[in-house]
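Data block below; observations after.
Heads up: numbering here begins at 1 and tracks the sequence.
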Amino acid sequence: KKGGYPHYMLKEIHEQPDALHNTITPRVKNGMLDFKEDGIADDVFTDINRVIIIGCGTAMHAGLIGKVMFEKLLRIPVTVEIASEFRYNDPILDKNTLVITISQSGETADTLAALRLSKEAGCKTLSIVNVKGSSIARESDYVFYTHAGPEIAVASTKAYMVQLSSIYMIAFKFAMLRGTISKETCEDYLKQLQDTINAVATTIDLDKQIEKISECLTSVEDLFFIGRGLDYPLSCEGSIKLKEISYIHSEAYAAGELKHGTLSLVTDDVPVIALATQEKVYSKMISNIREVRARGAMVILITNGEMPVDDDLCAHHIVLPKTDDQFAPFTAAVVLQLIAYYTSVHRGLNVDQPRNLAKSVTVE
Ligand code: M6R
């Protein structure tokens with residue numbers, strides 16, 4: 001059942017290139033994105049002046065990446081909401097709001113309730129869902145199915161990956177239709193998204209290096225993930241993944257926020273996983289890493305391709321296959337998944353079924 005892998009999670013990490021291929025390829029016609037088979041009309045974003053992305057856990061983290069990409073490409077304000085907060089906070093909603101719900105199972109109780117609330121308030125609704133015919137899919141105006149196949153491990157990996165690819169495709173297509181990017185740019189981005197599939201496969205090949213590096217996390221109690229730009233929401237995902245299956249306490253921090261509180265927790269040998277994939281803020285990230293190094297942190301650095309790195313900056317350096325920075329979340333996510341996976345294995349834990357957690361949270 002596990003296809004020769006010791007755990008479903010590792011199997012599902014390895015299935016990511018196929019999951020991406022299956023999600024992207026049916027939507028590409030003559031080098032351009034086509035959502036006709038999804039029944040998603042070209043005018044979905046017409047009259048929309050605000051987008052709210054809603055989900056729980058990892059799905060919500062995909063939404064955080066979505067916010068950055070949508071705002072950058074579509075130039076529409078986007079907020080990301082935790083479903084269980086949104087539904088009780090008396091949100092301001094109207095017919096010019098597009099609500100995008102993201103869910104692997106399509107059955108998460110809070111996400112479903114948030115969707116119903118949005119519909120009652122007259123919002124347009126679109127969902128990004130993996131399970132066909134699930135409640136969230138059935139109740140949304142539009143459904144953009146991800147094609148990850150069944151995900152068994154409680155820790156979500158391939159579902160997150162295809163959620164990202166779906167968000168990117170939606171952003172590319174509707175940015176072109178809105179005229180905020182040109183047709184040529186849309187085609188170029190789509191091509192780069194397709195190339196990312198190989199980059200994800202190449203990143204999975206780093207697995208022996210990551211297995212070895214993860215040994216140094218086996219007996220730690222706390223650690224931090226830091227990043228800027230797209231690397232910050234990615235840090236949130238790295239942190240939840242590690243927490244849920246390794247039981248190590250971790251926190252994701254926007255690197256520029258360290259000085260505003262968390263830096264006091266960074267002392268000798270505290271592990272800091274530093275994501276530095278975004279060239280635009282690379283020098284800022286390096287300064288932040290120097291700050292934690294000055295307090296004795298043990299830094300695991302992740303960069304997009306080879307970057308200049310001083311000898312004493314990090315204990316370990318993981319080099320992602322180079323992609324354009326906006327696609328780095330795909331490759332970096334693989335590294336974060338493998339770190340969580342191997343740390344859990346080294347600690348002798350139940351990787352696929354961590355304590356207290358269920359795959360599908362259908363009750364509040
Ligand atoms: O099925 P959903 O995508 O709606 O599930 C949402 C979360 O429960 C889920 O992503 C959870 O956070 C994962 N176990 C994280 O790996």
Next on the checklist: I'd like to know whether Ile152 forms a side chain to side chain contact (heavy atoms under 4.5 Å, CB included) with Lys359, so could you lay out the CA-CA distance, the side-chain angles of the two residues, the decisive distance to 0.1 Å, and finally the verdict.
Outcome noted: CA-CA 8 Å; Ile152 310 291; Lys359 181 66 185 163; over 6 Å; no

Write out all pairs satisfying ring-ring contact (aromatic ring centres under 6.0 Å, His included) with one or both partners inside [range], taking only residues at least two apart or from two chains.
range: residues 258-284; result: none
range: residues 54-75; result: none
range: residues 110-147; result: Phe35-Phe144

Next on the checklist: Please determine whether the number of non-hydrogen atoms from other residues, nucleotides or ligands lying under 6.0 Å from atom CG of Asp312 exceeds 12.
Outcome noted: yes

Checklist entry - For Lys284, does the NZ atom sit with more than 12 other heavy atoms under 6.0 Å from it, leaving out its own atoms? => result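 It does not: Lys284 NZ has 12 such atoms or fewer within range.
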
Can you list the residues that meet the ring-ring contact (aromatic ring centres under 6.0 Å, His included) rule with [X], with sequence neighbours excluded?
X: His21; answer: none
X: Phe45; answer: Phe174
X: Phe224; answer: none
X: Tyr88; answer: none

Item to check | Stepwise side chain to side chain donor-acceptor pair (under 3.5 Å) test for Asp352 and His7 | outcome: CA-CA 7 Å; Asp352 286 335; His7 302 98; 5.6 Å; no

Checklist outcome for this item: residues 159-168 vs side chain to side chain donor-acceptor pair (under 3.5 Å), sequence neighbours excluded, gives none

Checklist entry - Can you list the steps and then say if Leu117 with Phe86 is a side chain to side chain contact (heavy atoms under 4.5 Å, CB included)? => result CA-CA 10 Å; Leu117 179 73; Phe86 173 86; 3.9 Å; yes

Enumerate, atom names and distances included, each donor-acceptor pair closer than 3.5 Å involving a side-chain atom of residues 295-308, sequence neighbours excluded.
residue	atom	partner	partner atom	Å
Arg295	NH1	Glu291	O	2.9
Thr303	OG1	Gly305	O	2.9
Thr303	OG1	His317	NE2	2.7
Asn304	OD1	Thr323	N	3.0
Asn304	ND2	Thr323	O	2.8
Asn304	ND2	Asp325	OD1	3.0

Taking [Y] as the starting point, is it possible to reach [X] by hopping between hydrophobic residues whose side chains are less than 4.5 Å apart?
X: Ile167; Y: Ile197; value: yes
X: Tyr253; Y: Val80; value: no
X: Met161; Y: Ile53; value: yes

Item to check | Name of the residue among Glu244, Gln104, Glu237 meeting side chain to side chain donor-acceptor pair (under 3.5 Å) with Thr58 | outcome: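 With Thr58 as partner, Glu244, Gln104, Glu237 yield a single side chain to side chain donor-acceptor pair (under 3.5 Å), made by Glu237.
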
Next on the checklist: Could you check whether Asp110 pairs with Arg87 (Lys NZ or Arg NE/NH1/NH2 to Asp/Glu carboxylate O, under 4.0 Å)?
Outcome noted: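 Yes, this pair counts.
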
Next on the checklist: Between Gln337 and Gln16, does the side chain to side chain donor-acceptor pair (under 3.5 Å) criterion hold? Intermediate values first, please.
Outcome noted: CA-CA 11 Å; Gln337 294 162 356; Gln16 292 183 116; 2.8 Å; yes

Next on the checklist: Assess the residue pair Leu313 and Arg290 against the criterion (side chain to side chain contact (heavy atoms under 4.5 Å, CB included)); give the C-alpha distance rounded to whole Å, side-chain angles, the decisive distance to 0.1 Å, and a yes or no.
Outcome noted: CA-CA 7 Å; Leu313 193 71; Arg290 290 215 175 93; 3.9 Å; yes

Next on the checklist: Taking salt bridge (Lys or Arg N to Asp or Glu O under 4.0 Å) as the definition, give me every residue that meets it alongside Glu37, ordered by chain and number, with sequence neighbours left out.
Outcome noted: Lys29

Next on the checklist: So, using salt bridge (Lys or Arg N to Asp or Glu O under 4.0 Å) as the criterion, who are the partners of Glu257 when residues are at least two apart?
Outcome noted: none

Item to check | Check against side chain to side chain donor-acceptor pair (under 3.5 Å), Ser127 and Ser140 | outcome: CA-CA 6 Å; Ser127 61; Ser140 305; 2.9 Å; yes

Checklist entry - Quick one: side chain to side chain donor-acceptor pair (under 3.5 Å) partners of Asp324, sequence neighbours excluded? => result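 Scan of Asp324 (side chain to side chain donor-acceptor pair (under 3.5 Å), adjacent residues dropped) gives none.
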
Checklist entry - Is the shortest heavy-atom distance from the side chain of Met285 to the side chain of Gln278 under 4.5 Å? => result no

